[in-house]
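Here's the structure we're looking at; comments come further down.
Treat the numbers as computed from the prediction; the structure is a model and nothing was measured.
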Amino acid sequence: MEHQAEEAARWMLAELKEAGILYQQDAVNHIRSRFGESFIYVNENGNESIDKEVKKIFKKLHGGKAAWDRDGFFWGWT
């Protein structure tokens, strides 16, 4: 499962680098279809979110070069 979490995080980084922006819902949909429901959960606000381990690896991979926009529910490449 850890290998899949890293693979999902690497996909997120590649998408973000290519497009300059990655919407959470797009990431949720791709990760669910490619890696399964176990990598998705509903957060305290009732929104679908990505597994915390995937986001932790993603954060490590981008090394501060991505920023989360809370209002728009997306990551942007800085």
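Shown here for Q24 and S49, the closest heavy-atom pair between the two residues is NE2-CA, 3.6 Å. Residues L16 and F58 come closest through the heavy atom pair CD2-CZ, 3.7 Å. For the pair Y41 and I50, the tightest heavy-atom approach, listed with the atom from each and the gap, is CE2-O, 3.2 Å. D51 approaches S38 most closely through the heavy-atom pair OD1-O, 4.3 Å.
In this view, K65 and W77, T78 satisfy the side chain to side chain contact (heavy atoms under 4.5 Å, CB included) rule, not counting sequence neighbours. Residues passing the side chain to side chain contact (heavy atoms under 4.5 Å, CB included) test with A8 are I31, F35, V54, sequence neighbours excluded. Scored by the side chain to side chain contact (heavy atoms under 4.5 Å, CB included) test, I21 finds Y23, F74 as partners (sequence neighbours excluded). For D71, the side chain to side chain contact (heavy atoms under 4.5 Å, CB included) partners two or more places apart in sequence, or in a different chain, are D69. Applying the ring-ring contact (aromatic ring centres under 6.0 Å, His included) criterion to W68, with sequence neighbours excluded, gives W75.
Atom CD of E6 and atom CG of L61 lie 6.5 Å apart (nearest 0.5 Å).
Sorted by first and then second residue, the pairs that involve residues 27-36 and meet side chain to side chain donor-acceptor pair (under 3.5 Å), not counting sequence neighbours, are E7-R34, W11-H30, Q25-N29, R32-E37, R32-E48.
Heavy-atom neighbours of K55 NZ from other residues, nucleotides or ligands within 6.0 Å: above the threshold of 12.
Contact annotation: the side chain of I57 approaches that of E53 to within less than 4.5 Å [non-hydrogen atoms, C-beta and beyond].
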